[in-house]
**Q** 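Okay, handing you the structure first.
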Amino acid sequence: MNASKTVQPGIKHAANISLRIGIAGLAGTLLGAMGNMSQFYQSYLQAYIFWSGISIGSLAALMIHHLAGGGWGFVTQRILEASVKTLPLVALLFIPIILGMDKLYHHWLHPEAIHVALIELKSLYLNKNAFIIRTVIYFVIWIGMGTWLCKWSTKQDETGDKTLNRPMRKLSGIGIVIYGLTATAASWDWTMSLEPTWFSSIWGPLFMVGQGLSTFAFSIIVLSKLAKHNPLAKVIKSAHFHDLGNLTFAFVILWTYMTFGQFIIIWSGNLPEEIIWYLDRTPTGWKVVAILLTVFHFLLPFLLLLSRLTKLKAQYLAKIALFVLLIRLVDNFWVIAPTFQDGVNIHLLDFTTPLAIGGLWMFVFLKFLPKHSLIPLHDPRFKVEEDPHD
Amino acid sequence: MSADKKIYGLVAEFNDSDLLIKAAEQTQEAGYTKTDAYTPFPVHGLTEALGIKRTILPWIVLTGGILGCLGGFYLQYWVSVEAYPLNVGGRPFNSWPSFIPVTFECTILGAALSAIIGMLSLNGLPQPYHSIFNTPNFERASNDGFFLCIEEQDPKFDKKQTRRLLEDLGAVSVSEVES
């Protein structure tokens with residue numbers, strides 16, 4: 001146990017820095033918001049979708065780990081659990097979005113004002129109360145499942161009870177299905193409804209793939225820092241980074257596949273109610289962002305992660321992962337901002353809100369992270385993984 | 001009698017994988033380069049002990065993939081823009097989004113074909129005859145025998161010295177294998 005002490009001061013230091021960044025970001029956000037509330041809500045939604053994606057994606061990754069095992073899961077389990085524990089904070093951070101609904105979702109909030117029959121028909125689902133109630137339900141479900149999984153995992157550390165893997169696996173089996181349904185519904189509510197006449201059946205999976213990609217990229221960065229110290233230094237192998245790199249690689253491809261699949265179906269169909277989403281996102285300035293996404297969200301990470309060398313070396317992989325995380329923010333910008341602005345206007349708030357939410361989020365994450373051993377202590381499957389024969 | 005017969009190399013049989021790895025390391029240290037080992041199961045660390053270089057197959061596959069990608073795209077471009085332009089729903093002839101799925105498939109095809117063909121040719125397959133099967137007892141390589149072969153082609157090969165080296169390394173038997 002004294003081995004894990006070596007990593008504690010570093011985590012504490014990082015938590016303090018995060019808090020400072022968060023406060024600085026918050027101050028900048030408040031200053032910016034005073035002059036321009038609608039810009040604030042738009043930037044806030046972008047930042048919120050990004051950071052909430054890591055928490056919610058971590059829940060899904062944790063459940064996949066309980067179901068599938070694999071070396072990558074054991075070394076990232078505690079990172080994912082700490083990230084899942086930030087879900088109550090993420091739920092609280094949703095309040096400004098409810099306050100800003102009039103600005104963010106005014107298209108469907110007041111269908112009578114614009115007289116679009118299609119939106120009026122949808123008002124049974126898309127109305128203020130239903131939106132809030134659904135979001136509350138999502139968070140109750142996610143926090144509930146996350147709390148149980150973390151509780152059993154902590155209990156196994158304390159008691160060494162090997163039978164606890166059973167309930168974790170059972171909950172994860174049902175949970176991964178529930179996650180798929182709730183995250184899909186959340187993607188309709190939070191982002192697809194920004195253009196209320198538009199619909200895409202792959203929007204939910206695309207939303208989840210984005211969350212998964214952010215989660216793996218984030219886990220790689222944190223793991224590369226923790227891996228230098230005990231207890232992780234004792235068990236970590238380059239093969240673990242190779243696995244995580246392959247997962248990131250797969251999610252980069254999956255994101256590309258779904259993004260392009262959605263585009264080509266809508267492009268070839270060429271129906272007015274579908275192409276409106278792309279007509280908003282491909283005039284001059286936004287086209288540049290779309291091309292940048294093709295190059296930096298797909299081509300560059302794809303080529304870099306193709307090689308074994310970059311995946312085996314923690315420091316290279318962490319740099320690629322950081323780049324992927326940043327480009328996820330750009331992707332959220334491209335998905336959300338064109339609803340509110342015709343040209344590409346990058347506002348100061350687009351930078352301060354991710355820092356404000358991110359600083360707070362990281363602070364809470366780093367407070368939870370050192371509470372327990374950084375590797376599962378009594379997971380019977382982990383022992384198998386340590387077998388040198390492998 | 002056997003003096004005028006061409007030999008393939010000297011093959012030593014070992015009783016376990018640890019001895020084989022040690023032997024492989026020692027022969028590599030002694031400067032032998034044309035060596036190979038035969039074992040009933042994949043032995044961890046043997047590739048390194050033999051000093052076998054990493055295969056260039058990934059680069060062949062990458063090249064095949066890139067060629068498939070460019071070729072697939074150009075084929076469609078040539079057909080729809082140059083050879084037989086058709087107006088489809090008023091879209092431009094060079095409607096690149098619709099070329100992407102086929103381009104993707106051609107990339108996979110190019111990569112897969114070059115992987116198979118590259119693997120076979122790098123391995124020298126198919127090969128109906130191989131001298132190593134003249135080794136006495138060689139069927140045990142798929143049961144419990146561990147074999148190390150030093151080829152006659154090796155510049156350092158010397159019938160007497162090589163035999164002594166292999167025997168010193170703990171070989172159960174060392175046999176001269178006909179080519």
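We name chains A, B, ... by the order of the sequence lines, and we start the count at 1 in each one. All figures in this text were calculated on a predicted structure; none of them were measured in a lab.
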**Q** Is it the case that atom CD1 in B:Ile116 sees more than 12 heavy atoms from other parts of the structure closer than 6.0 Å?
**A**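 Check fails, neighbour count at 12 or below.
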
**Q** Is the count of non-hydrogen atoms from other residues, nucleotides or ligands lying under 6.0 Å from A:Asp342 atom CG greater than 12?
**A**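 No, CG of A:Asp342 has 12 or fewer neighbouring heavy atoms, counting only those of other groups under 6.0 Å.
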
**Q** Tell me, yes or no, whether the heavy-atom count around B:Tyr84 atom OH, taken from other residues, nucleotides or ligands under 6.0 Å, exceeds 12.
**A** no

**Q** Does CG in B:Asn15 sit with more than 12 non-hydrogen atoms of other residues, nucleotides or ligands closer than 6.0 Å?
**A**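 Counting other residues, nucleotides and ligands, CG of B:Asn15 stays at 12 neighbours or fewer.
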
**Q** Among residues 291-305 of chain A, which ones touch chain B with a heavy-atom distance under 4.5 Å?
**A**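 So far as heavy atoms go, nothing in residues 291-305 of chain A approaches chain B to under 4.5 Å.
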
**Q** First locate atom CH2 of B:Trp96, then atom CH2 of A:Trp267, and finally report the distance between them rounded to the nearest 0.5 Å.
**A**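 Taking CH2 in B:Trp96 and CH2 in A:Trp267, the distance rounds to 8.5 Å.
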
**Q** Quick check: are there more than 12 heavy atoms from other residues, nucleotides or ligands sitting under 6.0 Å from CD of A:Glu273?
**A** yes

**Q** For atom CZ of A:Phe260, is the number of surrounding heavy atoms from other residues, nucleotides or ligands below 6.0 Å larger than 12?
**A** yes

**Q** Taking all heavy atoms of B:Ser98 and all of A:Ile264, pick out the closest pair and write down the distance.
**A**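 B:Ser98 and A:Ile264 have their closest heavy atoms at CA-CD1, 3.8 Å.
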
**Q** Might you confirm whether atom CZ of A:Phe323 has over 12 heavy atoms from other residues, nucleotides or ligands at distances under 6.0 Å?
**A**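 Counting other residues, nucleotides and ligands, CZ of A:Phe323 exceeds 12 neighbours.
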
**Q** Counting a contact as any heavy-atom pair under 4.5 Å apart, which residues of residues 191-210 of chain A contact chain B?
**A**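 When heavy atoms of chain B are the reference, residues 191-210 of chain A contributes no residue within the under-4.5 Å range.
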
